[in-house]
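Since we're looking at a predicted model, the values are computed, not measured. All ligand and atom numbering here is 1-based and tracks the order in the structure.
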Amino acid sequence: MPGSRAQTILPRAASRTPTMDTRIQAADEAALLQASRLLHADQLVAFPTETVYGLGGNALSTRAIDRIYAAKGRPRFNPLIVHIPEVAAALDLVTDWPDAAVQLAQRFWPGPLTLVLRRAPSVPDAVSAGRPTLALRVPHHPVALRLLAACGLPLAAPSANRSQGISPTRAEHVAASLRAADVPLILDGGPCQHGIESTVLDLTSSPPRLLRPGAIPLLLLRQTLAERGLAVAAPPPVSDDAPLAINESDPASPGQQRRHYAPRTPLTLLPSFDEDALLALPAPRGLLGHLDVPALSAHCAVVERLPDDAPGYAADLYAALHRLDDVTPRLASIAVLPLPYGRAQTDDLWQAIRDRLLRAAAPPT
Ligand code: AMP
Ligand code: MG
C-alpha cells in the first residue's frame, strides 16, 4: 500500500488555514446508523473509498440523485457510478451480466474497477444521465462496505467535491469543498489508499473499451479477459498531441471533460526541466514533482515533492494539489515537473496520472 511520503518545503512566510468541521465523524456504529437514516431520507453522506471520497445518495431515488448533481454543480449529462456491497447486488440493477463481467468482478471486486453494463428498468434514468447503461463497482474500503451493508441501498457516489475541482482524498477536503446544507455528514476513513479514481471499462460495446484510465492497469484487465479468449479494444495511441483520455467529444465517454481535477491556482505541466518555462509563469510559484531540482526550486515559494513510483505519486497527488491551493498568501501559479519519461509513456498508472494532470492544467470553460 502506498504510504504518505510527500514532502513539503514551506517558506516561513507561508501558512495554511486549518479545517475544523463537526460534520466529520469517525465511522463508528452511531455514525453509521445516522448515515443510514440520512440516506433513507434521500439526504447525502460523504464516505471514504480506496480511490477518493465519495458523495453518496440512494441510487434508486431521483430526489437523492438530484441532490448529488446540485451539491456538486455537476453537469446533468455526466452519469454517476453506483456502489454496491457485493457482486450479487449487481444482478438487480442490470439486465445483462456477460462473461467478461463475471471474470472481471471475480478478480477485481472489491476494488477500483467500474464496469458499465445495461441498466435495469427499475433504476432511475437520472443516475445514468438518461443513458441505457449503468456504471457499477464494489469498493474496497471497510467503511464504504460497512455503510453499504448498514443502509442496504445501492449508493450513487461521484467524488465528493465541486465539479471540475480537485478530488478529495481526506475528509477535510470534502468539508472544504461541499456545503453543510448539502452534506450533513462526512464519515472519516483517513487518507485514501489509491488516491486516483477507478478505471472505467464499458462492457456494452464489443470488444469492451476503456472509458477512463485509473487505479487498475488496463494491462491487468486485458490479461484477465485474454485468459477467457476475450479482447479489450485498443485505446487511441498516446502522444503529446493526442493524450489518452482527453476525449470529451466522444459520446460514449460522458464526463471526460477537458477541465477536471483542477486547483483554483492555474496549473502548468512543464515541457522540460529548463528554467525558462518555469520563469515564464507568474510568481509566487508552487512546484510539484517526483524529483529534487534545486535550479527550479530556487524560483518557487513552495515545493511539493512526491514519491517517484506511480502508486506513491497517485496516492499523494490530490492532497499535494490541495495543499498548494491552500497556501497563504495565494500562489499565482503551480508548475508540475515532467513525469518520468519512458515510464510515463508505457505504464498504465503513469498514464492515468498524466490524464489527471492534463485535465487539471486545462483552462476554465
Ligand atoms: P466520477 O464519479 O466523478 O469519478 O465520474 C464517473 C465517471 O464514470 C464519468 O466520468 C463517466 O465517464 C463514467 N460513467 C458513469 N456512468 C457511466 C455510463 N453509464 N456510461 C459511461 N460512462 C459512465
Ligand atoms: Mg469526480
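- Looking only at atom types and distance, the side chain of S198 has a donor-acceptor partner in the side chain of R212 under 3.5 Å away.
- Ligand 1 places these atoms under 4.0 Å from at least one heavy atom of A135: 15 (C), 16 (N), 17 (C).
- Between D316 and R305 there is no salt bridge, since no side-chain nitrogen of the basic residue lies less than 4.0 Å from a carboxylate oxygen of the acidic one.
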Intermediate values then yes/no, salt bridge (charged side-chain N to carboxylate O under 4.0 Å, His left out), R264 and D326: CA-CA 9 Å; R264 288 162 294 154; D326 292 344; 3.2 Å; yes
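- Near R212, with a cut-off below 4.0 Å to any heavy atom, the atoms of ligand 1 are 1 (P), 4 (O), 5 (O), 6 (C), 7 (C).
- Each of the following atoms of ligand 1 lies closer than 4.0 Å to a heavy atom of I81: 6 (C), 8 (O).
- In this structure, R118 places its CZ atom where only 12 or fewer heavy-atom neighbours from other residues, nucleotides or ligands lie under 6.0 Å away.
- Listed by number with element, the atoms of ligand 1 under 4.0 Å from a non-hydrogen atom of L211 are 21 (C), 22 (N).
- For residue S159, an N/O/S atom approaches the Mg ion (ligand 2) to within less than 2.8 Å.
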Derivation and outcome, side-chain hydrogen bond (donor to acceptor under 3.5 Å, both in side chains), residues R356 and S167: CA-CA 10 Å; R356 305 307 189 270; S167 302; over 6 Å; no
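- Listed by number with element, the atoms of ligand 1 under 4.0 Å from a non-hydrogen atom of T133 are 18 (C), 19 (N), 20 (N).
- Y53 and E172 share no side-chain donor-acceptor pair at under 3.5 Å.
- Look at R74 and you'll find a heavy atom under 4.0 Å from some atom of ligand 1.
- Under 4.0 angstrom from ligand 1, there are no non-hydrogen atoms of T114.
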